[in-house]
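Every number for a ligand or one of its atoms is a count from 1 in the order of the listing. The structure presented is a predicted model; accordingly, all values stated were derived computationally and were not measured.
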Amino acid sequence: MHQDFMPPGIVALTGAGISKESGIDTFRDKDGLWTRVTLEEVATIEAWHNDKKKVLDFYNDTRKSFRAAHIVPNAAHKALARLEQKYGGEVTVVTQNIDPLHEQAGSKRVIHMHGRDGESRCMNCGTVTVSDIDLTPQSVCPHCKAVGQLRPNIVWFGEMPMHVDEIDDVLERCGLFLAIGTSGEVYPAAGYVLQVRRSRPRVHTVELNLEPSVNRTLFHEHIYGPATLTVPAFVDRVLAYGWK
Ligand code: NAD
C-alpha cells in the first residue's frame, strides 16, 4: 500500500543575532547589552533576591523597548515563517530570544526555551500570567495574592531552560538543523548541534551567523553575514533544491 511521504523535520535554533537588525541588541557583541549592564545584577535569581526593584525595572524597560513602533520582524524572521508555510514537513523555531518577533513574522511553531517577554510568574504558587504592566516589589499575584513574588517568566543564568522534552522531540525528528545568530556560548542550546549529530547521523547542520561562533567546528556548513541577507537566501535554496 502507498504510504504518504513526510519529509524530515527542520529545526532552526535562533539567538539574539536574528533580532539585531530589528533594533534589539545582542548580549555579547561589542555594542551588546552586557557592555551596559552586569549580568549578575539583573539576570540571576540571586540578583532578584538582593534587589528586586533593580531587576524588575530592567525587565520593565526591556518589555517597553520591544513594543517600540520601530521594532518589527525583519527579513530573516519572515523567511523562517515562509519556510514553515511552504516546506512540506515540520519546521520548528527553537528560540533563545524572549522577544515576540518570530510570532509577529507569522511562525506558528515557536518554542521559547528562555521564556518570553510579557509574562510574569509567581515564585509562591508558580502561576504564569500574561501581563503587560510593570512589575514592582509590591506587585500582587492575581492567583494566590502573595505580595512581591512576581518575576518575569524568563530563564535566568543558572536556571533550567523551558520545554526541554519538547525540544528533544523535535531534534529527534530533524534532518536539517540551523543555528542562526547565536554565539554558541550558552548551554544547553550550544550543545544541540552535537546532540542532533549523535542521534541523527544523516542530519545536515548549518551555522548562519555574522561571524564564526564558538562551536563552529561542529557544523557541516557555515554561512557568514547579516541574517537579513543569509537567511532568506538559504530558505530560497532549501525550498527550491533541498539542502544536499
Ligand atoms: P549572543 O549575544 O551571545 O550572540 C549573538 C550572536 O549573533 C553573535 O555570535 C553575533 O556574531 C551574532 N550576530 C550579531 N548580529 C548579527 C546579524 N545581524 N546577523 C547574524 N548574526 C548576528 O546571543 P545568544 O547566543 O542568543 O545568547 C543567548 C542569550 O541572549 C539568550 O539567553 C537570549 O535570551 C539572550 N538575548 C535575547 C535577546 C532577544 O530576545 N532579542 C536579546 C539579547 C539577548
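Heavy-atom proximity to D25, at under 4.0 Å, picks out these atoms of ligand 1: 42 (C), 43 (C). Of all the atoms in ligand 1, the ones that sit under 4.0 Å from a non-hydrogen atom of E21 are 17 (C), 18 (N), 19 (N). Each of the atoms 26 (O) of ligand 1 lies under 4.0 Å from some heavy atom of G15. Atoms of ligand 1 found under 4.0 Å from any heavy atom of P226 (numbered from 1 in listed order, with element): 19 (N). Close approach to D99 involves these atoms of ligand 1, each under 4.0 Å from a residue heavy atom: 39 (C), 40 (O), 41 (N). Ligand 1 places these atoms under 4.0 Å from at least one heavy atom of E211: 11 (O).
With sequence neighbours excluded, the residues that form a side-chain hydrogen bond (donor to acceptor under 3.5 Å, both in side chains) with R173 are E90.
Residue A227 has at least one nitrogen or oxygen atom sitting less than 3.5 Å from a nitrogen or oxygen atom of ligand 1, judged on distance alone. Considering backbone and side-chain atoms alike, I98 places an N or O below 3.5 Å from some N or O of ligand 1. Checked by distance only, ligand 1 and G181 come closer than 3.5 Å through their nitrogen or oxygen atoms. Taking distance alone, with nitrogen or oxygen atoms compared against 3.5 Å, L210 approaches ligand 1 more closely than that limit.
E221 has a carboxylate O that lies under 4.0 Å from a charged side-chain N of R237, or vice versa, which qualifies the two as a salt bridge. Salt-bridge formation is not detected for the pair D117/K64: no Lys NZ or Arg NE/NH1/NH2 atom is positioned less than 4.0 Å from an Asp or Glu carboxylate oxygen. At a threshold of 4.0 Å, the pair E103-R116 counts as salt-bridged, since one of the basic side-chain nitrogens sits closer than that to a carboxylate oxygen. Salt bridge status for E159 with R151: present, with a side-chain N to carboxylate O gap under 4.0 Å. By the 4.0 Å N-to-carboxylate-O rule, R109 lies too far from E84 to be salt-bridged with it.
Taking 4.0 Å as the cut-off, I154 does not count as a neighbour of ligand 1 on heavy-atom distance. Taking a 4.0 Å cut-off on heavy atoms, S213 fails to register as neighbouring ligand 1.
In this structure, M113 is not a member of the same hydrophobic cluster as I18, with clusters built from ILVMFWY side-chain heavy atoms closer than 4.5 Å.
With no hydrogens or angles considered, no side-chain donor-acceptor pair links T95 and H114 at under 3.5 Å.
No more than 12 heavy atoms of other residues, nucleotides or ligands shown are found within 6.0 angstrom of NZ on K53.
Of the options H114, K20, M113, the smallest heavy-atom separation from atom 15 (N) of ligand 1 is shown by K20. Remark: among candidates G17, S22, A16, the nearest residue to atom 17 (C) of ligand 1 is G17, based on non-hydrogen atoms.
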